[in-house]
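Heads up, the thing below is written out as structure tokens.
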Amino acid sequence: MEQRHLGRTGLRVTRLGLGTLNWARDTDEQEAADQLKAFWEAGGTLVDTADIYADGGAEYLLGRLTEALVPRADLVIATKAGSVLEADRRVDCSRRHLLAALDASLERLGTDYVDLWQLHAFDPHTPLEETLAALDLAVSSGRARYVGVSDFSGWQLAKAGTWQLAAPGVRNRLASTQMEYSLLQRGVEREVLPAALDLGIGLLPSSPLGRGVLTAKYRHGTPADSRGGSEHMAPFVAPYLDETAGRVVDAVATAADGLAVTPLQVALSWVRDRPGVTAPILGARTAQQLGAALSVEALSLPDEIRRALDDVSAPVHHYPDQNWSTL
């Protein structure tokens, strides 16, 4: 599998990553083992998890499987911290919480370090310099090799990235930002992606298949065994089942027919090769689904199809994002 640098750093990762959001919840241990083995055998390296996934269960499962199936040195393990499940607080990026969470993640993962440690979200109640100092301490102590963020808006990413660059040799540049990005969700193109490109921060798209909708499985109804058919995941899928999304899915399916490939391959190839993207994170529920996604490695979309998909999925930007001088 082809590799890319993660942002403007020396870390190289495969241009597809394996996500573990479903592990220890909808994906049992055997399915997770099959996924990890298939991903590794295909040449994949980047595996993304978080301390909050299955309340730590995904990290624990990844640690067990790494020890049993795949050499630790062959993987680039990324995890996140900062999200909390408290009634009055959803994010805690204080130094106290973050460093304790990192130690707990390392214990569950059964490793001395993570390759990429990410803030799961922006914390408006903690001074940003305190939060970022925790990232630097994680690196200087050897517990993390690189650091990044997740779900930061454009101004938040620009502020954090610039702060880290202001003291080279003392602070560690942000390597990555993880955001939802697909043909059905191009909001990051307004400010997040331009900031990432300017600062040399690699984008790791989550939900690159539009929460599964871009596979075209929902064109004629909701399959009972799909996320949209499950009680706890249906609200996650529902926003992408409207008429606007339907037009994009139809265009993807038409392109797939013309290329003799699947809609999944078309949609994933599109986002994988967008400017600024390092590696989409594949959140497969089964090893069979993962195998279908990994088959995209050999596909590059023709320019005319790429432009057509750009047009049909183009987000609406108004002042101040574009055309302000013509208003």
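The first residue in the sequence is number 1, and the count goes up from there.
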Non-neighbouring partners of Arg96 that pass salt bridge (charged side-chain N to carboxylate O under 4.0 Å, His left out), sequence neighbours left out | none

Check against side chain to side chain contact (heavy atoms under 4.5 Å, CB included), Lys80 and Ile52 = CA-CA 8 Å; Lys80 311 179 198 72; Ile52 201 172; over 6 Å; no

Do Leu184 and Pro239 have side chains that get closer than 4.5 Å, going by heavy atoms?
-> no

Verify side chain to side chain contact (heavy atoms under 4.5 Å, CB included) between Val149 and Phe122, making sure each step is shown before the conclusion.
-> CA-CA 8 Å; Val149 298; Phe122 183 83; over 6 Å; no

Of all heavy-atom pairs between Phe152 and Ala160, which one has the smallest distance, and what is that distance?
-> CE2-CB, 4.2 Å

I'd like a table of donor-acceptor pairs (distance under 3.5 Å, sequence neighbours excluded) in which one partner is a side-chain atom from residues 267-274, with atom names and distances.
from	atom 1	to	atom 2	distance (Å)
Ser269	OG	Arg272	NH2	3.4
Ser269	OG	Leu299	O	3.4
Trp270	NE1	Asp310	OD1	2.7
Arg272	NH1	Val296	O	3.0
Arg272	NH2	Leu299	O	2.6
Asp273	OD1	Arg4	NH2	3.0
Arg274	NE	Tyr181	OH	3.1
Arg274	NH1	Asp310	OD1	3.1
Arg274	NH2	Glu189	OE2	3.2

Between the side chains of Asp92 and Ser94, does any donor sit under 3.5 Å from an acceptor?
-> yes

Per the side chain to side chain contact (heavy atoms under 4.5 Å, CB included) rule, which among Leu62, Leu290, Leu46, Asp48 passes with Leu18?
-> Leu290

Shortest non-hydrogen separation from Thr9 to Tyr146 and the atoms involved = CB-CE2, 3.9 Å

So, the side chain of Gln3 versus the backbone of Thr14: is there a donor-acceptor pair under 3.5 Å, distance only?
-> no

OG of Ser206 to CD of Glu180, rounded to nearest 0.5 Å, is 5.5 Å

State, without any angle test, whether Glu31 and Asn22 hold a side-chain donor-acceptor pair at a distance under 3.5 Å.
-> no

Could you please spell out the steps behind the side chain to side chain contact (heavy atoms under 4.5 Å, CB included) verdict for Leu98 and Trp117?
-> CA-CA 10 Å; Leu98 288 176; Trp117 191 43; 3.8 Å; yes

With no hydrogens and no angle check, is any side-chain donor or acceptor of Thr27 less than 3.5 Å from a backbone partner on Arg285?
-> yes

Taking every heavy atom of Leu214 against every heavy atom of Pro208, the minimum-distance pair comes out as CD1-O, 4.0 Å

Is Glu297 salt-bridged to Arg15, going by a charged N under 4.0 Å from an acidic O?
-> yes

Taking all atoms of both residues into account, what is the closest heavy-atom pair of Gly7 and Thr278, and its distance?
-> N-OG1, 3.9 Å

So if you build clusters from Ile, Leu, Val, Met, Phe, Trp, Tyr with side-chain heavy-atom gaps below 4.5 Å, do Val47 and Val277 land together?
-> yes

Quick one: pull up CG in Leu174 and CG in Leu6 and give me the separation to the nearest 0.5 Å.
-> 10.5 Å

Do Leu99 and Leu116 belong together in a cluster built from hydrophobic side chains that touch within less than 4.5 Å?
-> no

Residue pair Met179 / Val188: nearest heavy atoms and the distance that separates them = CB-CG1, 3.7 Å

From CG (Leu301) to CZ (Arg307), nearest 0.5 Å = 12.0 Å

Sidechain-backbone polar pair: Glu67 side chain, Gly110 backbone, donor-acceptor under 3.5 Å = no

Ignoring hydrogens and geometry, is there a side-chain-to-backbone donor-acceptor pair from Glu130 to Pro127 under 3.5 Å?
-> no

Working to the nearest 0.5 Å, report the span between NE2 of His120 and CG of Asp51.
-> 8.0 Å

Counting distance only, does the side-chain N/O of Arg171 pair as donor-acceptor with the main-chain N or O of Ala166 below 3.5 Å?
-> no

Would you mind writing out the side-chain donor-acceptor pairs for residues 131-140 within the sub-3.5 Å range, not counting sequence neighbours?
from	atom 1	to	atom 2	distance (Å)
Thr131	OG1	Cys93	O	2.7
Asp136	OD1	Gln164	NE2	3.0
Asp136	OD1	Asn172	N	2.9
Asp136	OD1	Asn172	ND2	3.2
Ser140	OG	Asp136	O	3.2
Ser140	OG	Leu137	O	3.1

Rounded distance (nearest 0.5 Å) linking atom CZ of Phe39 with atom CE of Met1 = 5.5 Å

Output for pair (Asp250 CG, Arg219 CZ), nearest 0.5 Å, gives 4.5 Å

Leu69 to Trp40 - nearest heavy-atom pair and separation = O-CZ3, 4.1 Å

Give every residue pair that meets the salt bridge (Lys or Arg N to Asp or Glu O under 4.0 Å) criterion with at least one member in residues 143-170, sequence neighbours excluded.
-> Asp103-Arg143

Those residues that, when tested against Tyr113, pass ring-ring contact (aromatic ring centres under 6.0 Å, His included) (two or more places apart) | none

Is the shortest side-chain N to carboxylate O distance from Asp112 to Arg72 below 4.0 Å?
-> no

Side chain to side chain donor-acceptor pair (under 3.5 Å) involving Arg12 - partner list, sequence neighbours excluded = none

Flag if over 12 foreign heavy atoms under 6.0 Å of CG, Asp55 | no

Verify side chain to side chain contact (heavy atoms under 4.5 Å, CB included) between Ser105 and Val114, making sure each step is shown before the conclusion.
-> CA-CA 9 Å; Ser105 288; Val114 291; 5.7 Å; no

Does a side chain donor of either Glu59 or Thr49 reach within less than 3.5 Å of an acceptor in the other side chain?
-> no

